[in-house]
Amino acid sequence: MTQVPNVFIALQRNEETRPIVDAILADNPGALLDEQPAMVKSNVPGRLVVRRSTIEQEIGREFDLQELHVNLITLTGHIDESDDEFVLSWVH
């Protein structure tokens with residue numbers, strides 16, 4: 001059986017990214033966090049989704065997914081981005 005490789009997203013660790021990380025954990029039950037002093041990295045096997053609606057629930061206001069780029073450090077995987085979701089995966 002082939003193991004699905006992880007995708008990840010690493011964000012600066014600050015008050016602005018805390019609700020984004022909480023949304024990632026809510027929408028990706030298999031997510032594992034690697035918390036460092038200056039960053040937090042979310043690892044997920046195969047596919048990671050960041051949903052605008054979940055972030056909005058966390059922060060209590062409208063959120064433009066482009067805002068996450070301000071605190072983005074690095075990521076792996078193919079990117080599929082819309083106004084509603086930011087998805088990383090190894091499958092097209």
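These numbers come from the heavy atoms of this one structure, side chains and all, not from hydrogens, waters or symmetry mates.
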S.K.: For the residue pair Asp27 and Thr54, what are the closest heavy atoms and their distance?
M.R.: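 For Asp27 and Thr54, the tightest heavy-atom pair comes out as OD2-OG1, 2.7 Å.
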S.K.: Which heavy atom of Arg47 sits nearest to which heavy atom of Asn28, and what is that distance?
M.R.: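 That closest heavy-atom pairing would be O-OD1, 3.8 Å.
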S.K.: What do the steps show when you test Glu81 against Arg52 for salt bridge (Lys or Arg N to Asp or Glu O under 4.0 Å), and what is the final call?
M.R.: CA-CA 11 Å; Glu81 190 172 10; Arg52 179 183 52 82; over 6 Å; no
S.K.: If you round to the nearest 0.5 Å, how far is CG of Leu75 from OG of Ser42?
M.R.: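 Between atom OG of Ser42 and atom CG of Leu75 there are 11.5 Å.
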S.K.: For atom CG of Asp83, decide whether the heavy atoms of other residues, nucleotides or ligands shown that lie under 6.0 angstrom number more than 12.
M.R.: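 No, CG of Asp83 has 12 or fewer neighbouring heavy atoms, counting only those of other groups under 6.0 Å.
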S.K.: Before you tell me yes or no, could you show the steps for Val44 and Asn6 under side-chain contact (heavy atoms from CB on, under 4.5 Å), namely the whole-Å CA-CA distance, both residues' side-chain angles and the distance that decides it to 0.1 Å?
M.R.: CA-CA 5 Å; Val44 181; Asn6 282 353; 6.0 Å; no
S.K.: Which pairs count as ring pair (Phe, Tyr, Trp, His ring centres under 6.0 Å) when at least one residue sits in residues 5-60, sequence neighbours excluded?
M.R.: none
S.K.: Taking only residues at least two apart or on different chains, which pairs with a member in residues 28-70 satisfy ring pair (Phe, Tyr, Trp, His ring centres under 6.0 Å)?
M.R.: His69-Phe86
S.K.: How close do Asn14 and Thr17 get, heavy atom to heavy atom, and via which atoms?
M.R.: OD1-N, 3.0 Å
S.K.: Starting from Leu32, walk the hydrophobic network (Ile, Leu, Val, Met, Phe, Trp, Tyr; side-chain heavy atoms closer than 4.5 Å) and list everyone else you reach, by chain and number.
M.R.: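 Under the 4.5 Å side-chain rule, Leu32 groups with nothing.
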S.K.: Testing the basics here: between Ala31 and Leu25, what is the closest heavy-atom pair and its distance to 0.1 Å?
M.R.: CB-CD2, 4.0 Å
S.K.: Atom CG in Asp22, atom CD1 in Ile59: separation rounded to 0.5 Å?
M.R.: 11.5 Å
S.K.: Once rounded to the nearest 0.5 Å, what's the spacing between atom NZ of Lys41 and atom CZ of Arg13?
M.R.: 15.0 Å
S.K.: To the nearest 0.5 Å, how far apart are OG in Ser53 and CD in Glu62?
M.R.: 12.5 Å
S.K.: For Ser82, does its backbone N or O pair with a side-chain atom of Glu85 as donor and acceptor, under 3.5 Å?
M.R.: no
S.K.: Using every non-hydrogen atom in the two residues, find where Leu65 and Asp84 come nearest and quote the distance to one decimal.
M.R.: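 So the two residues come closest at CD1-C, 3.5 Å.
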S.K.: Would you call Thr76 and Leu88 a side-chain contact if the rule is heavy atoms closer than 4.5 Å?
M.R.: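 With C-beta onward as the side chain, the pair stays apart.
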